[in-house]
Amino acid sequence: MSFDLSEFLTEGLISSINNGLIPSDLATVYAGNYLAKSMITQAQVTQVSDAITAYKAAQVSADKTAADQAQQIVGK
């Protein structure tokens, strides 16, 4: 079994995004730098981009849910 640096970097970026460890803008910069240095592929950059999009959508949904719950509490 060999170590796959590109997979490690891609999974690390995605995990860091999902756990809120790095902002999505910074993850985009890292992915771009890794791509420029041929450390990851364009397909992996797309995976990171998709993860950012999904994370942002989940945040919007969570914010809306929290706002709806707050409105229900205030309305009672």
Side-chain angles (χ1 to χ4, degrees):
M1 177 186 248
S2 64
F3 178 74
D4 186 343
L5 178 62
S6 66
E7 185 176 320
F8 175 79
L9 293 172
T10 303
E11 289 178 5
L13 283 174
I14 292 170
S15 176
S16 295
I17 294 161
N18 291 334
N19 292 319
L21 299 175
I22 60 174
S24 57
D25 293 343
L26 185 57
T28 301
V29 170
Y30 284 156
N33 286 339
Y34 295 155
L35 178 63
K37 295 177 182 180
S38 298
M39 298 170 78
I40 64 175
T41 65
Q42 180 61 50
Q44 289 168 315
V45 172
T46 301
Q47 287 178 331
V48 172
S49 178
D50 291 346
I52 290 169
T53 301
Y55 177 78
K56 287 182 176 182
Q59 290 300 104
V60 168
S61 178
D63 290 348
K64 183 180 180 331
T65 300
D68 290 346
Q69 289 174 345
Q71 184 62 33
Q72 287 175 353
I73 292 170
V74 172
K76 289 185 178 180

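Along the sequence shown, residues are numbered consecutively beginning with 1. Given the structure is predicted, the values throughout are model-derived calculations rather than measurements.
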Does Leu26 have any side-chain contact (heavy atoms from CB on, under 4.5 Å) partners at least two apart in sequence or in another chain, and if so, which?
Ile22, Pro23, Tyr30
How about Thr41 and Leu35: do any of their side-chain heavy atoms sit closer than 4.5 Å?
no
Hydrophobic cluster identity match, Leu9 and Leu21, side-chain contacts under 4.5 Å:
no
Donor-acceptor pair, Ser61 side chain versus Ala57 backbone, under 3.5 Å?
no
Path from Ile40 to Phe8 over hydrophobic side-chain contacts below 4.5 Å:
yes
Sequence neighbours excluded, every pair satisfying side-chain hydrogen bond (donor to acceptor under 3.5 Å, both in side chains) that has a member inside residues 47-59:
none
Taking every non-hydrogen atom, the tightest pair across Glu7 and Gln44
N-NE2, 3.8 Å
pair Val48-Thr10: side-chain heavy atoms closer than 4.5 Å
yes
Partners of Asn19 by side chain to side chain donor-acceptor pair (under 3.5 Å), sequence neighbours excluded?
Ser15
Given the options Ile52, Leu13, Asn33, Thr28 meets side-chain contact (heavy atoms from CB on, under 4.5 Å) only with Ile52
